[in-house]
Asks: 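This is the structure I have questions about; it appears just below.
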Amino acid sequence: MLYREAGQFKTTYEADQAVFPILQDRVGVVVILVIALLIPLIASDFVLASIMIPFLIFAMATIGLNVLTGYAGQLSLGTGAFMGVGAYACYKLTTFFPDVNIIILVVLSGIFSAGIGIVFGLPSLRIKGLYLAVTTLAAQFFLEWCFIRIPWLYNYNNSGAIEVPERTGLGGLVLAGPASPPVTRYYVVLGIVVVATLIMKNVIRGRIGRTWMMIRDMDIAAELMGVRPLFTKLSAFAVSSYICGVAGAMMVFFWLGAAEPSSFSITLSFQILFMAILGGLGSLIGCFFGAAFIWILPVVLRTGLPEIGIDIGAETVEHVSRMIVGALIIFFLVVEPHGLARLWQIGKEKLRVWPFPYA
């Protein structure tokens with residue numbers, strides 16, 4: 001009886017088109033944000049650094065892929081490479097502008113990834129489906145080759161890796177580097193992810209988002225109605241690559257601390273794709289569901305099974321996690337293509353009419 005729309009009247013167009021038109025949804029979002037802000041008070045540094053920060057970063061990268069694949073209908077297997085472009089771009093920016101706040105450089109690094117995304121998105125004007133996926137796969141291998149073979153990108157480091165220098169800001173806080181506390185990095189990542197999610201929610205509900213979905217559903221009909229495929233597809237590649245680039249920069253500067261080219265391999269691209277499929281293509285909240293499920297599942301198995309008397313090794317946990325994720329991907333593709341987000345939506349619809357469900 002708590003989740004009811006009855007009695008909540010809309011008297012203005014703004015209220016009717018609000019991002020969260022139902023009061024309970026607005027209250028729920030506020031509660032989630034408050035819990036996210038209070039997590040460092042009860043969680044250890046290990047939980048923040050190994051679970052919460054990577055979860056938010058992967059959710060951000062999944063949003064980027066979902067913009068391109070879920071909303072615009074353009075298949076991509078190069079997410080890891082676009083994340084790498086953002087990471088290496090941020091590393092070079094810290095070299096050229098050592099006194100600029102690292103948060104600003106992380107946000108700006110996505111611009112370089114967006115430019116690369118536009119270049120590799122040009123084939124989408126002529127090809128689609130599996131052929132476009134192969135094109136983005138070629139982008140993955142080409143960019144990964146650049147990360148290895150162009151020493152200028154990693155400042156001619158003998159190890160071939162990029163190492164995060166110590167950077168301060170926001171009143172002297174250490175935001176990046178070995179001395180940066182996990183709490184500070186968590187709040188920075190949380191702020192970037194929340195702002196990016198709200199912006200993308202409004203973009204998708206606006207004109208640009210509607211044109212993406214029109215191209216996804218039927219590109220020929222959309223073109224006949226006046227939608228420009230050139231701008232629509234390339235804007236989807238640009239926005240998606242930008243978000244992935246920022247996620248890649250956060251991955252290195254606020255989580256790993258250092259990275260090699262193998263950190264942005266095809267394995268990362270498939271991992272982000274699996275998160276999008278499980279969470280639900282064409283859903284922002286599904287990005288968080290998918291990232292949470294795939295990233296936190298091994299942790300739950302590793303800590304939960306010994307509690308019930310099942311002793312299991314780390315390598316077995318990894319194998320079991322892959323088996324579960326693979327089985328669920330097949331299940332959702334066959335039974336519920338919209339993933340966990342659709343199950344969440346069905347649950348909310350049932351709750352809104354409970355205890356008087358429609359026949």
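Position 1 is the first residue of the sequence, and the numbers go up from there.
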Asks: Give me the atom names and distance for the closest heavy-atom approach of L48 to P182.
Replies: CB-CB, 4.1 Å
Asks: Consider only side-chain heavy atoms of I, L, V, M, F, W and Y, link residues closer than 4.5 Å, and tell whether V246 and L93 are in one cluster.
Replies: yes
Asks: So, for T136 and L77, which heavy atoms are closest and what is the spacing to 0.1 Å?
Replies: OG1-N, 2.9 Å
Asks: Would you say L38 and M52 are hydrophobically clustered, going by side-chain heavy atoms of ILVMFWY under 4.5 Å?
Replies: no
Asks: With side chains defined as the heavy atoms from C-beta onward, is the minimum distance between L105 and N101 less than 4.5 Å?
Replies: no
Asks: Going by the rule salt bridge (charged side-chain N to carboxylate O under 4.0 Å, His left out), which residues pair with R26 if we only count those two or more places apart in sequence or in a different chain?
Replies: none
Asks: Only one of W152, Y88, F82 clears ring-ring contact (aromatic ring centres under 6.0 Å, His included) with F147; which?
Replies: Y88
Asks: For a 4.5 angstrom cut-off between non-hydrogen side-chain atoms, does I51 reach I296?
Replies: yes
Asks: Would you say T69's side chain and L75's backbone share a donor-acceptor pair under 3.5 angstrom?
Replies: no
Asks: In the structure I gave you, are the side-chain heavy atoms of D45 and V183 within less than 4.5 Å of one another anywhere?
Replies: yes
Asks: How long is the gap from CD1 on I204 to CD1 on I199, to the nearest 0.5 Å?
Replies: 12.0 Å
Asks: So, the side chain of T211 versus the backbone of T232: is there a donor-acceptor pair under 3.5 Å, distance only?
Replies: no
Asks: Step through the shown structure and confirm whether more than 12 heavy atoms of other residues, nucleotides or ligands are within 6.0 Å of CG on D217.
Replies: yes
Asks: Okay, side chain of R185, backbone of A176: is any donor-acceptor separation there less than 3.5 Å?
Replies: no
Asks: Of all residues at least two apart in sequence or in a different chain, which pass the ring pair (Phe, Tyr, Trp, His ring centres under 6.0 Å) check with F254?
Replies: none
Asks: Within the side chain of Y186, is there an N or O that forms a donor-acceptor pair under 3.5 Å with the backbone of I39?
Replies: no
Asks: Please confirm whether the backbone N or O of A87 pairs with a side-chain atom of S109, one donor and one acceptor, at under 3.5 Å?
Replies: no
Asks: Determine whether the aromatic ring centres of residues Y154 and Y91 are separated by less than 6.0 angstrom.
Replies: no
Asks: Would M214 and L281 show up in the same hydrophobic cluster when neighbours are defined by side-chain heavy atoms closer than 4.5 Å?
Replies: no
Asks: I need the Q140 CD to S76 OG distance, nearest 0.5 Å.
Replies: 9.0 Å
Asks: Can you tell if the side chain of W212 reaches within under 4.5 Å of the side chain of L68, non-hydrogen atoms only?
Replies: no
Asks: Kindly indicate whether the side chain of I266, heavy atoms from C-beta on, has any atom under 4.5 Å from the side chain of L137.
Replies: yes
Asks: Just by modelled atom types, is the G121 backbone N or O under 3.5 Å from a matching donor or acceptor in the S124 side chain?
Replies: yes
Asks: If you look at every heavy atom in L125 and P229, which pair is closest and at what distance?
Replies: CD2-O, 3.8 Å
Asks: Do V31 and V34 have side-chain heavy atoms sitting under 4.5 Å apart?
Replies: no
Asks: Determine, step by step, whether Q345 and I285 satisfy the side chain to side chain contact (heavy atoms under 4.5 Å, CB included) criterion, reporting the C-alpha distance in whole Å, the side-chain angles of both residues, the deciding distance to 0.1 Å, and the verdict.
Replies: CA-CA 10 Å; Q345 183 182 6; I285 193 173; over 6 Å; no
Asks: Please check if the side chain of S113 supplies one atom and the backbone of G110 the other of a donor-acceptor pair under 3.5 Å.
Replies: no
Asks: Specify the closest pair of heavy atoms between R205 and A18, including all atoms of both residues, with the distance to one decimal.
Replies: NH2-O, 3.4 Å
Asks: I would like to know whether T168 and L173 meet side chain to side chain contact (heavy atoms under 4.5 Å, CB included); could you show each step before the answer?
Replies: CA-CA 5 Å; T168 59; L173 294 175; over 6 Å; no
Asks: If we only count heavy atoms from C-beta on, is the F274 to L328 side-chain gap below 4.5 Å?
Replies: no
Asks: Please give me the minimum heavy-atom distance between V174 and P181, naming the atom from each residue.
Replies: O-CD, 3.7 Å
Asks: Within the side chain of T184, is there an N or O that forms a donor-acceptor pair under 3.5 Å with the backbone of S180?
Replies: no
Asks: Using a 3.5 Å distance criterion without hydrogens, assess whether the side chain of T135 forms a donor-acceptor pair with backbone atoms of Y131.
Replies: yes
Asks: Would you please indicate if the ring centroids of F58 and W295 are separated by under 6.0 Å?
Replies: yes
Asks: Set out, in order, the CA-CA distance, both residues' side-chain angles and the distance that settles side chain to side chain contact (heavy atoms under 4.5 Å, CB included) for N155 and K92, then state yes or no.
Replies: CA-CA 8 Å; N155 290 345; K92 295 303 295 186; 2.6 Å; yes
Asks: Donor-acceptor pair, Q74 side chain versus A72 backbone, under 3.5 Å?
Replies: yes
Asks: Among the clusters formed by ILVMFWY side chains lying less than 4.5 Å apart, do V85 and V119 turn up in the same one?
Replies: no
Asks: Apply side chain to side chain contact (heavy atoms under 4.5 Å, CB included) to the pair I102 and C90, showing each step before the final yes or no.
Replies: CA-CA 9 Å; I102 187 62; C90 187; 4.2 Å; yes
Asks: Check whether the side chains of S283 and N66 place a donor and an acceptor atom closer than 3.5 Å, and report yes or no.
Replies: no
Asks: Looking only at non-hydrogen atoms, find the nearest pair between F253 and P165 and report the distance.
Replies: CE2-CD, 4.3 Å
Asks: May I ask you to check whether over 12 heavy atoms, not counting those of I220, lie within 6.0 Å of atom CD1?
Replies: no
Asks: Kindly compute the distance separating CZ (F55) from CE (M60), expressed to the nearest 0.5 Å.
Replies: 13.0 Å
Asks: When you compare the side chain of M200 with that of V239, does any pair of heavy atoms fall below 4.5 Å?
Replies: yes
Asks: Crowded around F96 CZ? As in, over 12 foreign heavy atoms under 6.0 Å?
Replies: yes
Asks: Would you say F231 ends up clustered with F120 if hydrophobic residues are merged whenever their side chains have heavy atoms under 4.5 Å apart, either directly or through other cluster members?
Replies: no
